[in-house]
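Take a look at the structure below.
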Amino acid sequence: MQIEFNTEPALAGPVNVNTLAPISKIGGLQTGLLGFTELPAKTTFFNVAGAVGFIGVNGAVNAKPIPPTAIYLQNKIGQNFPEYVDPVSKKDAESPINTTWSKLAKSPDWTTQDRYLYIKTFSETYGNQSADFWNTREVHHIRPRIYGGSNEFDNLMPILAPNHRLISGCLKIL
């Protein structure tokens, strides 16, 4: 089995994999290797790909590719950014994220009036949602304000409060 970890830029790779030891050995037949990889301690996008197969006694190779996985965002302490798509607006909290955004000195303001205007526009666009819907959700800035994100409608989406805390925790260490 061959596994490749590909990271930015443009998912170039593979990242070097270090072999530790054989998994098992039966006679002269080695059945696999245990390995590891070290990824740089930085926020990055990554995916995994590879191949699985065997070498026959006649030396013939029979291998099948393992297609690349989805692209994941990982923060600098090794947490994967949670995937979240709002079921009403279908906005995705992850897909527009860029790991090269510059951090501002101060985050622009977000007020209760901004939240009210967002909910009003959301209701006009997607229909009225129940009070329970809004009581269990926070308004998420897809591009965080501290990284240049605005309070414009297109940069906002409703997210369940526990999911928002998880996402915000990941974004704080971009």
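Please read these numbers as outputs of a predicted model, since none were measured by experiment.
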Would you please name every residue forming a side chain to side chain donor-acceptor pair (under 3.5 Å) with [X], sequence neighbours left out?
X	result
E124	K120
S89	D86
T111	D114

Out of curiosity, [X] [atom1] to [Y] [atom2], how far, rounded to the nearest 0.5 Å?
X	Y	atom1	atom2	value
T125	Y118	OG1	OH	8.5 Å
R115	E138	CZ	CD	7.5 Å
L104	R145	CG	CZ	10.5 Å
L160	R165	CG	CZ	10.0 Å
H141	S150	NE2	OG	7.0 Å

For [X] and [Y], work out which heavy atoms get closest and say how close.
X	Y	answer
P68	A49	CA-CB, 3.8 Å
R137	P158	CD-CB, 4.0 Å
I159	H164	CG2-N, 3.4 Å
N151	D109	ND2-O, 2.9 Å
N155	K91	N-NZ, 4.5 Å

Should [X] and [Y] be counted in the same cluster of Ile, Leu, Val, Met, Phe, Trp and Tyr side chains packed under 4.5 Å apart?
X	Y	answer
F122	L117	no
F133	L156	yes
V85	Y126	no

side-chain contact (heavy atoms from CB on, under 4.5 Å) partners of N128, counting only residues at least two apart: S123

Would you please name every residue forming a side-chain contact (heavy atoms from CB on, under 4.5 Å) with P65, sequence neighbours left out?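 With sequence neighbours excluded, P65 shows a side-chain contact (heavy atoms from CB on, under 4.5 Å) to no residue whatsoever.
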
Does E152 CD have over 12 foreign heavy atoms under 6.0 Å away? no

Taking only residues two or more places apart in sequence or in another chain, which ones pass salt bridge (charged side-chain N to carboxylate O under 4.0 Å, His left out) with D154?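 Result, salt bridge (charged side-chain N to carboxylate O under 4.0 Å, His left out) vs D154: none returned.
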
